[in-house]
Amino acid sequence: MSHDSTASPDAAARKLSGRRRKEIVAVLLFSGGPIFESSIPLSVFGIDRQDAGVPRYRLLVCAGEEGPLRTTGGLELTAPHGLEAISRAGTVVVPAWRSITSPPPEEALDALRRAHEEGARIVGLCTGAFVLAAAGLLDGRPATTHWMYAPTLAKRYPSVHVDPRELFVDDGDVLTSAGTAAGIDLCLHIVRTDHGNEAAGALARRLVVPPRRSGGQERYLDRSLPEEIGADPLAEVVAWALEHLHEQFDVETLAARAYMSRRTFDRRFRSLTGSAPLQWLITQRVLQAQRLLETSDYSVDEVAGRCGFRSPVALRGHFRRQLGSSPAAYRAAYRARRPQGDKPGETETAVAQSGQQGAPAGLSGPVGGPPPALAYEHRDGGVPMQSRRAAAGAVGLLPGPRSGS
């Protein structure tokens with residue numbers, strides 16, 4: 001799934017300055033960046049594949065700071081160009097940034113701002129979105145990044161409209177993508193925008209990847225438990241929501257439990273997660289439905305009721321929108337992949353029934369394995385510590401000071 005927003009009038013009217021060339025792509029590398037993400041634009045834009053029907057780009061690999069640049073596995077890279085080469089590029093790609101907690105070099109940010117002012121297309125892959133945000137290029141714009149880092153991006157840069165569901169976001173002259181493989185998706189999208197479907201399809205065949213991928217990042221979201229969840233009051237509300245997914249309640253109920261107006265609750269929730277609370281709640285219900293379809297023999301109608309959907313029709317609609325499949329087709333495909341004779345055991349049955357009995361939905365372990373033990377550390381009104389941690393994971397308060405997705 002991608003998001004193509006309508007570019008602002010200013011962006012639409014911006015022309016590429018005379019010294020920049022549309023076919024020149026500059027890739028901005030930093031020390032400490034993961035080599036996989038860094039290599040994606042180098043491979044897409046730096047290899048001559050005209051024999052396969054792919055128009056050629058001219059690649060400029062630029063160091064964003066003094067070298068040598070150290071990357072994954074202790075490798076050292078020497079870029080052939082410095083920041084000055086960016087002044088010739090019609091497209092500038094930042095494939096990754098080494099740390100979501102540290103600021104990028106100001107010289108590199110200035111170069112990106114100048115490039116944007118002169119009409120260049122600016123692209124951030126994965127944690128490269130943090131560099132674009134630090135330069136102010138994402139202010140007031142939709143953007144995405146790896147789902148694990150999306151809450152941090154939204155919290156650190158509240159003027160950015162972060163959507164952790166998308167594989168990539170095209171906002172005209174500024175584009176961002178989720179992690180790793182989504183960087184390939186966005187680069188293919190750029191080729192498709194520049195040269196059409198046939199060229200993008202030819203490149204996809206050469207790379208042995210789909211020309212377009214359906215769906216978004218929802219299928220990859222997990223509920224990793226952070227070491228510390230902090231003291232944010234919304235963690236309590238999210239813990240309650242996860243424990244009561246089998247009940248029919250709405251965002252107004254959550255706002256009331258947080259002692260906030262709906263408007264304040266929406267704003268606070270979005271600042272923490274990068275997602276609207278209604279969309280988050282629907283996503284959690286769909287994730288719970290996935291688990292029940294995988295681990296139980298409940299009918300689709302029963303699954304809908306146990307996940308808080310008002311009707312099976314509502315479940316089917318949201319399930320298809322998020323996962324690109326009907327619940328019945330998903331269950332059939334899942335069971336077809338299971339080894340023969342491998343049936344849900346007692347633990348899986350217990351997990352499947354957790355939505356009915358009130359066990360925290362975020363505490364189930366991998367299918368076929370036992371759920372983690374509940375560690376009841378009663379604080380702030382007696383909410384179990386494990387539920388609080390699940391809540392923090394569910395709203396996206398995840399650790400992760402370094403990239404490498």
R21 side chain to G90 backbone, donor-acceptor under 3.5 Å: no
Flag side-chain contact, heavy atom, 4.5 Å: T127 against H146: no
By side-chain contact (heavy atoms from CB on, under 4.5 Å) - contacts of R320 (at least two apart): S326
Sequence neighbours excluded, every pair satisfying salt bridge (charged side-chain N to carboxylate O under 4.0 Å, His left out) that has a member inside residues 69-81: R70-E76
Under the side-chain contact (heavy atoms from CB on, under 4.5 Å) test, residues paired with E106 that sit two or more places apart: L109, D110, R113
Qualifying ring-ring contact (aromatic ring centres under 6.0 Å, His included) pairs, either residue in residues 55-76, two or more places apart: F45-Y57, Y57-H195
Expected output: side-chain S296 to main-chain L292 donor-acceptor under 3.5 Å: yes
Within residues 38-58 or reaching into it, pairs that qualify as salt bridge (charged side-chain N to carboxylate O under 4.0 Å, His left out) - sequence neighbours excluded: D48-R56, D51-R206
Aromatic ring proximity H189/F168, centre distance under 6.0 Å: yes
Cationic tip of R156 above F130 ring, under 6.0 Å, 45° of axis: no
Modelled atom types, side-chain donor and acceptor of Q288 and R291, under 3.5 Å: yes
Residues that S159 engages under side chain to side chain donor-acceptor pair (under 3.5 Å), provided they are two or more places apart: D139
Donor-acceptor contact below 3.5 Å, side chain R20 vs main chain I86: yes
Partner of I184 under side chain to side chain contact (heavy atoms under 4.5 Å, CB included), chosen from I40, L167, L125: I40
Mutual orientation of the aromatic rings belonging to H246 and H244 [parallel < 30°, tilted 30-60°, perpendicular > 60°]: parallel
Those residues that, when tested against A85, pass side-chain contact (heavy atoms from CB on, under 4.5 Å) (two or more places apart): L60, C62, H81, R88
Set of side chain to side chain donor-acceptor pair (under 3.5 Å) partners for Y330, sequence neighbours left out: Q290, E294
Heavy-atom closest pair, residues P312 and A304: CA-CB, 3.8 Å
For T253, side chain to side chain donor-acceptor pair (under 3.5 Å) partners two or more places apart: D250
Sequence neighbours excluded - side-chain hydrogen bond (donor to acceptor under 3.5 Å, both in side chains) pairs with any residue from residues 309-319: Q248-R310, H318-R321
R257 bridged to E252 by N-O distance under 4.0 Å: no
Student check: side-chain heavy atoms of V25 and V93 closer than 4.5 Å: yes
Any residue meeting side-chain contact (heavy atoms from CB on, under 4.5 Å) with A181, in chain and number order, not counting sequence neighbours: R213
Carboxylate-amine/guanidinium contact D173 R121, below 4.0 Å: no
E118/K15 ion pair, N-O < 4.0 Å: no
Test side chain to side chain donor-acceptor pair (under 3.5 Å) applied to E107 - qualifying residues, sequence neighbours left out: none
Any donor-acceptor N or O pair under 3.5 Å, side chains T180, E37: yes
